[in-house]
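Structure first, then comments.
Numbering of ligands and ligand atoms starts at 1, following listing order.
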Amino acid sequence: MTSRYFRLALTGHPLGHSLSPVIHQAALASTGLQGEYSLQPVPPLEGQIGLEKLTAQLRAGDLQGLNVTIPHKQAIRDVCDRLTPLAARVQAVNLLFMEAGQLVGDNVDVPGFLAGLDQLSGSPRAKGKALVLGAGGSARAVVCGLEERGWQVTLAVRRPQQARELASDLGHPGIPVITLERDALGALQVDLLVNTTPLGMSPHPAGSPWPEDLPFPTRTLVYDLIYNPFRTRLMAQAEAAGNGTLNGLTMLVEQAALSFLRWTGQNPDRKTMEAAAIAALEQRNQAETA
Ligand code: NAP
């Protein structure tokens, strides 16, 4: 009997810097399964046609699993036969698979984010006041996950209209919204701060959403979704005030592991996947500074 070969892929645009192939290759190696994880970029202008071509491969059994990233997490919903309740609530899909002849769209950003939150707060039952910076795609998963766990969320954004749309889409139009500015940030005391903006991400690691001249509060855990660099400027500011911090690597690895489990039925080794991601990032950063 020949063993099964898994053809897995990621779509989005641009995909040049994606760590997903490396992480999934490590997952395949850790489970002893045969397969490949390819990048299938679909430029925004090709949108629906490109996505339909890819999902046709899933329906035909030529592809066993597909992850989706920006800018298609919302548009891909229209080509699914069914959404899981979580994907329907977040209004974003980043995992597709076939089940009983139906193309199903799911969201593993939420459980990925929560895995990191548990690591940071030390308990799934920890809750309190949370401030989420940004209101883009990943903020939807973050707010959904935090509210599911009973956290009281405030959004800090540069475009209040975007935050109000997010709140309304998630069925909670009353989420407080402040501007991402010194006076508004300084007036709040929260237990947890989650950064979902790209401020501080490589190649601009000196950036931070927290103003340099505003003292960082004590007793505020910081969860930065950025994973390159591993320690962002925001994390350094928070640590200097004695706070615990976490970067986005746990979330990245967990959403990949949950995707892999769904497609193959095998639970991959997270530590192996994380080590592969770190090695790839270090290699890339060395090549860029050489
Ligand atoms: P996105 O949809 O573009 O959202 C980014 C948000 O940040 C938007 O609200 C955006 O506002 C805001 N923003 C961008 N630049 C800003 C600035 N200079 N000042 C203030 N606000 C700014 O992006 P995303 O998909 O949510 O990703 C955001 C970050 O999370 C990225 O660093 C990404 O790598 C990271 N991420 C990590 C994981 C993980 O697994 N760890 C998963 C997803 C995302 P505007 O709309 O006004 O620009």
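- The closest protein non-hydrogen atom to atom 48 (O) of ligand 1 is R158 NH2, 2.8 Å.
- Within 4.0 Å of atom 21 (N) of ligand 1, at least one protein heavy atom is present.
- The aromatic rings of H24 and W263 are tilted relative to each other, their planes meeting at an angle between 30° and 60°.
- Considering every non-hydrogen atom in both Y227 and L249, the closest pair reads CB-N, 3.7 Å.
- Ligand 1 places these atoms under 4.0 Å from at least one heavy atom of Y227: 41 (N).
- Checked against a 3.5 angstrom limit, the closest N/O atoms of M201 and ligand 1 fall outside it.
- At least one heavy atom of R159 sits closer than 4.0 Å to an atom of ligand 1.
- The shortest non-hydrogen separation linking Q74 to A92 is NE2-CB, 4.4 Å.
- Heavy-atom contacts from other residues, nucleotides or ligands closer than 6.0 Å to NE2 of H204 number 12 or fewer.
- Annotation for Q255 and N67: closest pair OE1-ND2, 4.5 Å, computed over non-hydrogen atoms.
- The pair D106-R262 fails the salt-bridge criterion, with no side-chain N (NZ, NE, NH1 or NH2) lying under 4.0 Å from an Asp/Glu carboxylate O.
- Of the candidates L199, I70, T196, L199 brings a heavy atom nearest to atom 18 (N) of ligand 1.
- A salt bridge links K73 and D109; the closest N-O separation between the charged side-chain nitrogens and carboxylate oxygens is under 4.0 Å.
- Residue-to-ligand polar distances keep Q255 apart from ligand 1: every N/O pair is separated by 3.5 Å or more.
- The protein heavy-atom contact nearest to atom 2 (O) of ligand 1 is G137 N, 2.8 Å.
- The protein non-hydrogen atom at the shortest distance from atom 44 (C) of ligand 1 is S138 CB, 3.8 Å.
- Checking only distances, Q162 does come within under 3.5 Å of ligand 1, N or O to N or O.
- Between R231 and E239 there is a salt bridge, with a side-chain nitrogen of the basic residue lying less than 4.0 Å from a carboxylate oxygen of the acidic one.
- The protein heavy atom nearest to atom 14 (C) of ligand 1 is P198 CD, 3.3 Å.
- When side chains are defined from C-beta on, T220 does not count as touching L131, because their heavy atoms never get closer than 4.5 Å.
- Nearest protein heavy-atom contact of atom 4 (O) of ligand 1 is G136 CA, 3.3 Å.
- The shortest separation from a heavy atom of V157 to ligand 1 is not under 4.0 Å, leaving the residue out of contact.
- Contacts between L249 and ligand 1, counted as non-hydrogen atom pairs separated by less than 4.0 Å, are absent for every part of the residue.
- Counting heavy-atom neighbours within 6.0 Å of R82 CZ, excluding the residue itself, gives a total above 12.
- Closest to atom 37 (C) of ligand 1 among all protein heavy atoms lies L225 O, 3.2 Å.
- Between R140 and D169, at least one side-chain nitrogen of the basic residue sits less than 4.0 Å from a carboxylate oxygen of the acidic one, meeting the salt-bridge criterion.
- Residue I226 has at least one heavy-atom neighbour below 4.0 Å for each of these atoms of ligand 1: 32 (O).
- Using a 4.0 Å cut-off between heavy atoms, T197 contacts ligand 1 through both its backbone and its side chain.
- Here E212 pairs with R233 in a salt bridge; the nearest charged N to carboxylate O distance falls below 4.0 Å.
- Against a heavy-atom cut-off of under 4.0 Å, G248 is close to the following atoms of ligand 1: 39 (C), 41 (N).
- Ligand 1 lies less than 4.0 angstrom from a heavy atom belonging to A135.
- Nearest to atom 42 (C) of ligand 1 among the protein's heavy atoms is M251 CE, 3.8 Å.
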